[in-house]
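Read through the structure below, which is laid out as structure tokens, and then see the notes.
Letters A, B, ... mirror the listed sequences (proteins, then strands); counts begin at 1. Because the structure is a prediction, the values reported are computed rather than measured.
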Amino acid sequence: MKRRNFLKACLIGGTTIAMGKTNKGWASGSFEGYPESMGVLVDTTRCIGCRSCEAACNKEQKLPEPDTSFDDKSVFEEPRRPTAKAYTVVNQYEKEKPGGPVYRKVQCNHCNEPACLTSCFVNAYTKTKEGAVIYNSKVCVGCRNCMIACPFNVPGYDYESVTNPVIKKCILCYDTRLKVGKPPACVDICPQEALTFGHRADLIKIAHERIRSNPDRYLDHVYGEKEVGGTSWLYLSGTEFDKIGFDPSLSNDPIISNVKDFLGMVPMVLSIWPALFSGIHLLSKHDSGGEGHDTESKEEEP
Amino acid sequence: MSSYKHLIVAALSLGAISVFTPLAAQCAAVPDSVTLNQNGTLYKPFAFNHAKHIQQLKECAGCHHHTTGTLVLDPECARCHQNSSPTAVVSCKGCHSAKPFSPETLAEKHADKQRYHKDKMGLKGAMHQSCIGCHQKEGAGPVGCQECHPRTEAGEAFNSSSRLGAKPAHAKKH
């Protein structure tokens with residue numbers, strides 16, 4: 001094979017791959033969640049930090065006993081993150097500010113396009129039509145890829161069992177409540193109705209309506225409406241979101257978009273490249289090999 | 001303030017929440033005390049001192065918004081309800097559902113595309129926000145859970161750090 005032909009083939013092949021992956025990326029990036037997806041709207045201006053949601057979650061999900069009781073307010077000294085023992089935690093911010101403190105509940109946001117699901121190579125995660133991101137602990141191998149992939153640092157790792165390592169996180173009370181249309185336990189117990197349960201599409205309208213009718217109370221932003229491709233949990237706030245523990249650097253693109261182009265190439269590389277390069281290798285070997293044999297045999301003759 | 005007339009109308013429908021003052025056949029006085037949280041499981045029922053709040057606030061509409069007292073205070077509500085008359089029911093639970101997120105309520109809300117008041121608060125949320133909101137704003141009155149309603153035994157267990165039977169979910173299976 002001539003060098004020029006080889007380069008030409010590479011160029012054509014490369015262009016095809018580049019065009020193919022671009023189209024694929026565009027097509028699957030437009031998913032906006034299931035139409036009947038449910039969700040929860042969190043109004044951080046209503047939360048009083050009573051931690052009832054933590055207690056209700058603990059009971060509903062049969063989680064282990066907490067280190068201290070749920071009316072212990074000293075836990076607010078340090079911001080916490082969800083763990084395998086507590087699928088939801090309430091953090092306190094802006095304590096010194098007038099009008100403060102501001103409380104924010106943290107749990108899985110149940111993304112429309114979950115990064116945990118994308119990163120899981122045993123397909124333990126499922127996004128249900130009700131909007132919950134659930135997981136099958138029986139197939140989980142405890143690789144913790146989802147912990148790294150999650151943009152909200154949600155999945156917790158259960159170190160309790162050596163033989164059955166599993167990731168644990170909020171499942172929106174899917175098994176016990178959501179499946180039959182009931183609100184999650186945290187929403188049910190919230191005394192202030194800081195948590196509003198409903199169809200995600202309705203909640204977005206409600207959130208914007210609250211902003212419209214109370215412009216002084218809220219910032220004009222519904223966190224989770226667009227972030228990382230949209231989440232089932234949505235947030236309203238009167239304080240800048242970055243000051244109450246939200247990551248303002250997250251883009252509106254789903255996390256999967258960062259790796260989709262790359263991942264789309266993997267099967268192609270694995271299937272086409274071996275064949276292509278073996279072919280090239282054989283061709284080139286055939287040419288040069290033939291000449292070599294002839295030369296050798298000529299030398300042996302005398 | 002034409003609140004006296006409205007108060008009588010209001011009192012007629014107060015049967016919805018338990019009232020210590022017995023209701024007369026046609027007309028009832030404004031209750032001095034109201035038992036709240038009657039069906040509470042985690043927190044005990046408690047007597048709400050209605051008379052004291054009337055004395056201090058004077059304006060019924062402060063809590064009973066648009067049902068009695070000065071009817072429309074919120075300019076946002078006045079856009080439509082400027083001339084609305086008092087409602088037949090003034091108790092909170094006459095309008096605010098005790099189960100705002102039940103499948104039936106949500107389905108109804110989702111189906112009714114033209115509904116304007118899509119964001120009506122549930123009974124529990126309305127009462128807590130009304131009480132705690134005002135107590136915080138005025139810098140007076142209880143804001144902690146047990147300052148109004150002490151916990152029941154079940155409530156103590158619910159909040160406690162040591163509960164029997166609370167083991168890791170997966171530990172039970174193995």
Side-chain angles (χ1 to χ4, degrees), chain A residues 36 38 40-41 43 46 48 50-52 54-56 58-59 61-72 84-85 99 137-138 158 160-161 163-166 168 175 180-184 187-199 201-203 205-207 209-210 212-214, chain B residues 37 42-43 74-77 79 96 99-107 109-113 115-133 136 143-146 148-149 151 155-174:
Chain A
E36 290 301 300
M38 306 303 282
V40 179
L41 172 64
D43 192 329
R46 290 182 182 177
I48 50 168
C50 70
R51 299 185 65 206
S52 294
E54 292 187 37
N58 180 286
K59 201 176 177 214
Q61 297 298 331
K62 300 188 171 59
L63 298 176
E65 293 162 358
D67 296 335
T68 58
S69 73
F70 287 105
D71 45 15
D72 177 11
K85 290 179 176 179
S137 59
K138 281 179 190 146
D158 191 349
E160 296 283 313
S161 164
T163 51
N164 185 30
V166 284
K168 303 191 116 191
D175 296 337
V180 290
K182 288 205 286 185
V187 174
D188 236 1
I189 198 134
C190 180
Q192 285 279 92
E193 211 173 302
L195 310 174
T196 305
F197 175 70
H199 289 269
D202 290 344
L203 293 177
K205 286 178 199 158
I206 287 173
E209 180 59 21
R210 276 190 206 168
R212 188 200 63 75
S213 52
N214 298 285
Chain B
N37 197 36
L42 302 178
Y43 295 92
D74 190 336
E76 168 73 7
C77 306
R79 290 172 199 267
H96 296 280
K99 287 184 176 167
F101 306 123
S102 71
E104 298 79 31
T105 316
L106 287 180
K109 229 160 103 174
H110 191 57
D112 189 356
K113 301 289 177 205
R115 180 187 290 216
Y116 180 75
H117 293 293
K118 267 185 187 279
D119 194 17
K120 190 168 73 182
M121 221 172 291
L123 182 62
K124 185 165 60 174
M127 301 208 74
H128 281 99
Q129 282 196 42
S130 183
C131 298
I132 300 172
Q136 278 177 338
V143 288
C145 311
Q146 298 210 73
C148 276
H149 38 44
R151 274 189 201 133
E156 287 293 345
F158 192 81
N159 276 276
S160 163
S161 59
S162 59
R163 265 200 331 276
L164 293 170
K167 290 278 180 291
H170 73 93
K172 278 182 180 171
K173 291 177 208 157
H174 296 273

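Side-chain contact between A/Glu209 and B/Asp119 is absent, with no heavy-atom pair separated by less than 4.5 Å. B/Phe101 is not listed as a side-chain neighbour of A/Met38, based on a closest heavy-atom distance of 4.5 Å or more. Side-chain contact check for A/Glu193 versus B/His96: every heavy-atom pair is 4.5 Å or farther apart.
In this structure, B/Lys118 NZ and A/Thr196 OG1 are separated by 13.5 Å, a value rounded to the nearest 0.5 Å. Here the straight-line distance linking atom NZ of B/Lys120 with atom CD1 of A/Ile206 works out to 12.5 Å at 0.5 Å rounding. We find the NE2-NZ distance between A/His199 and B/Lys109 to be 9.5 Å, quoted to the nearest 0.5 Å. Between B/Asn159 atom CG and A/Lys59 atom NZ the span is 10.5 Å, to the nearest 0.5 Å. Here B/Arg151 contributes atom CZ and A/Asp71 contributes atom CG; the two are 4.5 Å apart, rounded to the nearest 0.5 Å.
With sequence neighbours excluded, the residues satisfying salt bridge (Lys or Arg N to Asp or Glu O under 4.0 Å) with A/Glu54 are A/Arg51, A/Arg80. Every residue meeting the side-chain hydrogen bond (donor to acceptor under 3.5 Å, both in side chains) condition with A/Asp72, not counting sequence neighbours, appears here in chain and number order: A/Thr68, A/Ser74.
Residue contact with chain B, scored on non-hydrogen atoms closer than 4.5 Å, is absent for A/Asn214. Neither the backbone nor the side chain of A/Ala84 comes within contact range of chain B; no heavy atom of the residue lies under 4.5 Å from a heavy atom of that chain. Contacts of A/Ile48 with chain B are made by side-chain atoms alone, with heavy-atom separations under 4.5 Å and no backbone atom involved.
Enclosure of atom CG in A/Asp67 is not indicated, since only 12 or fewer non-hydrogen atoms of other residues, nucleotides or ligands lie within 6.0 angstrom.
Considering only heavy-atom pairs separated by less than 4.5 Å from chain B, the leading option among A/Cys50, A/Pro191, A/Ala194 is A/Pro191. For the set B/Gly144, B/Ser102, B/Gly122, the count of heavy-atom pairs under 4.5 angstrom toward chain A peaks at B/Gly122.
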Test side chain to side chain contact (heavy atoms under 4.5 Å, CB included) applied to A/Arg212 and B/Glu76, step by step: CA-CA 10 Å; A/Arg212 188 200 63 75; B/Glu76 168 73 7; 2.6 Å; yes

